[in-house]
Amino acid sequence: MSDGLLPGFSDAVFGAQGCFRAILAALSEPGTVHALGGDLAPPAPLCPAAAAVVLTLADPDASLVHDAGPVADAFLRFHTGAPEAELATASFVLATGAMPPLAALTPGTDEIPSAGATLVVQVESIEEGEGWTLSGPGIDGLRRLKVTGLPDDFPAQWAANHARFPRGVDVILCAGDRLAGLPRSVTLAVTLEA
Amino acid sequence: MTYSYAFLDEATKRMIRRAILKAVAIPGHQVPFGAREMPLPYGWGTGGIQVTASIIGRSDVLKVIDQGADDTTNAVSIRRFFARTAGVATTTHTAEASIIQTRHRIPERVLQPGQIIVYQVPMPEPLSRLEPRVVESTKLHALADYGLMQVRLYEDIARHGRSASAYNHPVMVNGRYLMSPSPIPAFDNPKMDRMPALQLFGAGREKRIYAVPPYTSVKSLDFEDHPFDPIRAPHPCAICGATDSYLDEIVTDDVGGRMFVCSDTDHCEERAP
């Protein structure tokens with residue numbers, strides 16, 4: 001069955017619940033990294049964390065745009081039922097390769113900022129304790145987060161995204177079975193190493 | 001008959017989970033959601049229950065309080081509801097709970113990182129008495145135009161010499177959104193500021209969810225020359241002697257007898273001799 005449809009969560013209820021709590025912790029405490037564990041084995045090029053996030057949150061009421069190719073598309077559409085959409089209107093955008101510019105996604109409106117998109121990005125690695133300096137809601141003072149695999153101008157894109165608060169895009173960074181969150185409320189500064 | 005885990009079907013949980021995540025990303029902003037009919041009437045915590053049902057898992061330990069008490073009808077029945085439909089452990093001890101669902105109080109014991117407090121909210125819109133049109137109050141939030149509320153506060157002070165709201169005193173969250181703290185006593189408002197626990201709010205009838213992430217600024221609305229100054233009954237608790245907890249006044253007979261006791265029953269039991 002190597003070319004067949006791969007299974008989703010072995011336990012749909014608790015797979016999704018556990019993954020949701022990891023996402024909730026990641027977004028309410030930006031810069032913390034959370035390992036999902038679990039047994040989700042998605043088709044390439046999806047990493048387990050990114051696939052789990054999409055399976056947990058997308059459904060027929062929440063559209064999905066991704067760049068992961070036809071095999072992953074069959075997997076994601078079958079398990080979520082999420083409809084396709086244009087990049088500019090999608091609720092969820094999953095980037096396994098180069099991420100689209102944050103400005104290309106819907107930020108919602110001043111009256112309905114909650115309509116802003118969620119961008120799920122697969123990166124090479126995420127590590128606590130070094131790299132960017134984050135501050136804002138969910139952070140007691142400052143927190144450090146190092147991410148490799150994002151475009152060089154990501155901090156500038158993030159500054160523009162944060163500046164239009166309460167409108168904006170929220171980002172979930174995924175590497176392997178680990179994830180971290182960047183809600184639009186957070187300020188990101190590139191730390192100058194001594 | 002078997003229920004879906006934690007009563008709600010998975011599609012409903014996903015919808016509520018998406019709303020909770022957006023609420024966390026925009027602290028204090030009310031996110032609309034498709035509240036379901038629950039097996040209890042509006043006003044008994046339908047919003048809080050739906051939030052709790054969407055986050056709870058088998059390893060959680062749930063505490064439910066109603067006005068600070070673990071042993072009132074509302075608290076007992078909601079605790080039993082989740083013990084039955086979600087198979088979770090329940091507790092009355094604040095320190096042991098991973099999720100605390102509350103009606104109108106914040107426990108006296110300082111909440112810790114990793115804990116989640118879920119508030120039952122009857123009216124999520126802080127401007128509703130001043131601007132009943134939702135279309136208009138939505139615009140005021142978009143513009144961060146909260147002059148109406150400052151004027152109400154000013155009129156309170158001009159008439160009564162102090163802010164007249166003993167409970168549900170409005171707060172500014174993260175310097176951006178005016179938010180209803182739910183009808184907690186003003187005494188509890190300072191506990192919301194930079195609380196280490198995640199605060200989630202569910203309003204079932206009004207179909208709104210909002211949130212305050214940990215360590216987020218929550219400032220009770222006031223004026224420089226009339227700083228926020230919540231009232232506490234000037235008595236020690238008649239049971240445990242606490243002088244720093246919020247008190248309930250209990251009428252003990254029909255000839256004017258009364259006693260003041262801690263509203264937070266767990267806090268009082270831990271302290272009582």
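Because the structure is a prediction, the values reported are computed rather than measured. Per chain, numbering begins at 1; letters A, B, ... match sequence-line order.
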> Non-hydrogen atoms of chain B under 4.5 Å away: do they reach the side chain of A:Ala26, the backbone, both or neither?
Replying inline: neither
>> For B:Pro27 versus A:Phe165, what's the shortest heavy-atom pair and its separation?
In response: CD-CZ, 4.0 Å
>> For A:Ala117, is there any backbone N or O sitting under 3.5 Å from a side-chain donor or acceptor partner on B:Lys22?
In response: yes
>> Counting only non-hydrogen atoms closer than 4.5 Å, does A:Thr118 touch chain B with its backbone (N, CA, C, O), its side chain (CB onward), both, or neither?
In response: both
>> Let's go through A:Glu29 and B:Leu198 carefully: what are the C-alpha distance in whole Å and the side-chain angles of both, what is the deciding distance for side-chain contact (heavy atoms from CB on, under 4.5 Å) to 0.1 Å, and is it a yes or a no?
In response: CA-CA 9 Å; A:Glu29 296 173 70; B:Leu198 170 63; over 6 Å; no
> Hey, are the side chains of A:Pro137 and B:Pro214 touching, using non-hydrogen atoms and a 4.5 Å cut-off?
Replying inline: no
>> At a 4.5 Å cut-off on heavy atoms, which part of B:Pro196 comes close to chain A: side chain, backbone, both, or neither?
In response: neither
> Contact part of B:Ile26 toward chain A, heavy-atom cut-off under 4.5 Å: side chain, backbone, both or neither?
Replying inline: both
> What part of A:Ile23 is in contact with chain B, defined as an atom under 4.5 angstrom from a non-hydrogen atom: side chain, backbone, both or neither?
Replying inline: both
> When only pairs under 4.5 Å are counted, which of B:Pro113, B:Ala23, B:Ala144, B:Pro213 shares the most heavy-atom pairs with chain A?
Replying inline: B:Pro213
> A:Ala16 versus chain B, heavy atoms under 4.5 Å apart: side chain, backbone, both or neither?
Replying inline: both
> How far apart are the C-alpha atoms of B:Asp60 and A:Arg21, what are their side-chain angles, what is the distance that settles it, and do they pass the salt bridge (Lys or Arg N to Asp or Glu O under 4.0 Å) test?
Replying inline: CA-CA 11 Å; B:Asp60 279 309; A:Arg21 285 291 282 274; 2.7 Å; yes
>> Just checking A:Ile112: does its CD1 atom have more than 12 heavy atoms from other residues, nucleotides or ligands closer to it than 6.0 angstrom?
In response: no
>> Which heavy atom of B:Pro32 sits nearest to which heavy atom of A:Ser114, and what is that distance?
In response: CD-OG, 4.2 Å
> Tell me, side chain or backbone of B:Leu143 under 4.5 Å from chain A's heavy atoms, or both, or neither?
Replying inline: neither
> For the candidates B:Ile55, B:Thr216, B:Thr138, which exhibits the highest count of non-hydrogen atom pairs separated by less than 4.5 Å from chain A?
Replying inline: B:Ile55
>> Please give me the minimum heavy-atom distance between A:Pro113 and B:Tyr177, naming the atom from each residue.
In response: CG-OH, 3.7 Å
> Given a strict heavy-atom distance threshold of 4.5 Å, which part of B:Ser54 is in contact with chain A: side chain, backbone, both, or neither?
Replying inline: backbone
> By a 4.5 Å heavy-atom criterion (distance strictly below it), what part of B:His141 contacts chain A: side chain, backbone, both, or neither?
Replying inline: neither
> Atom CG in B:Leu21, atom OG in A:Ser28: separation rounded to 0.5 Å?
Replying inline: 9.0 Å
>> Between B:Arg194 and A:Asp140, does any side-chain N to carboxylate O distance fall below 4.0 Å?
In response: yes
> Based on non-hydrogen pairs under 4.5 Å, which of A:Thr56, A:Asp59, A:Leu182 is most in contact with chain B?
Replying inline: A:Asp59
>> Between A:Leu24 and chain B, with a heavy-atom cut-off of 4.5 Å, which part of the residue counts as in contact: side chain, backbone, both or neither?
In response: both
> For chain A, which residues from residues 5-18 of chain B have at least one heavy atom closer than 4.5 Å to it?
Replying inline: B:Tyr5, B:Glu10, B:Ala11, B:Lys13, B:Arg14, B:Arg17, B:Arg18
>> Quick check on the interface: out of B:Arg58, B:Gln30, B:His29, who has the most heavy-atom pairs with chain A under 4.5 Å?
In response: B:Arg58
>> Counting heavy-atom pairs closer than 4.5 Å to chain A, which one of B:Ala19, B:Ala211, B:Ala142 comes out on top?
In response: B:Ala142
